[in-house]
Structure formats: C-alpha cells, structure tokens
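I have placed the structure first, in the form of structure tokens, so that the comments after it can refer back to it.
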Amino acid sequence: GVTSAQTIPNGTMVYDLGISNSSTGGYTITLPSGTNGQILYIHLNYDGSGNITINGTAYSADTNITLVYSGSSWLTF
C-alpha cells in the first residue's frame, strides 16, 4: 500500500501517485536528486480531501505538477 511518506526514485520523469480512500491526505513526497534541466511531471490522483506536500508546498487532489531542476533545486512551473 501507499504510505504517508513517498520518495520519488532518482531518474524518474513521470510520477503518478494514486491513493484510494484517503479522507485526510497528509502525504509528503520527497523529490529525487536532479540534474540541471531535468523535467519531472507529477500527477496526484487520489480521492481524499487533504493535501499532499511536495517541496514545502501543499497540493490538493487530482493535481498535475511540472517541475524543472535548475541550478541546485526543483522549480515548479
């Protein structure tokens, strides 16, 4: 099953987090080590009412996020 703390593996380009029956959210995703120019697409697909935190920002259910690694950090676009 999906635990409340997820780590995206290094080298991942597309990450689909599917959670069912999650009424409170409270999930935290740790981003992988990146390389300059790397793009990461994240799809949060869950039916809960709580938020999922990625890189210090809370996102709601059924959200698509595009991140680009630049310099030494992930940037959200």
dist Ile65:CD1 -> Ile52:CD1 (nearest 0.5 Å) comes out at 8.0 Å
Under a 4.5 Å side-chain heavy-atom rule over Ile, Leu, Val, Met, Phe, Trp and Tyr, are Ile39 and Leu75 clustered together? yes
d(Tyr15 OH, Leu67 CG) to nearest 0.5 Å is 13.0 Å
Open item on the list: Quick one: does any side-chain atom of Asn45 pair with a main-chain N or O of Leu17 as donor and acceptor, under 3.5 Å?
Closed with: no
Original post:
Linking I/L/V/M/F/W/Y whenever any side-chain heavy atoms sit under 4.5 Å apart, do Val14 and Tyr59 land together?
Top reply: no
Closest non-hydrogen contact found for Pro9 with Pro32 is O-CB, 3.5 Å
The single option from Leu31, Val68, Ile54 that satisfies side-chain contact (heavy atoms from CB on, under 4.5 Å) with Leu40 is Leu31
Applying side chain to side chain contact (heavy atoms under 4.5 Å, CB included) to Thr30 and not counting sequence neighbours gives Thr7
Take Ile42 and Asp16 through the side chain to side chain contact (heavy atoms under 4.5 Å, CB included) test and state the conclusion after the steps.
CA-CA 6 Å; Ile42 300 174; Asp16 185 14; over 6 Å; no
Residue pairs passing the side-chain hydrogen bond (donor to acceptor under 3.5 Å, both in side chains) test with at least one member in residues 61-77, sequence neighbours excluded, are His43-Asp62
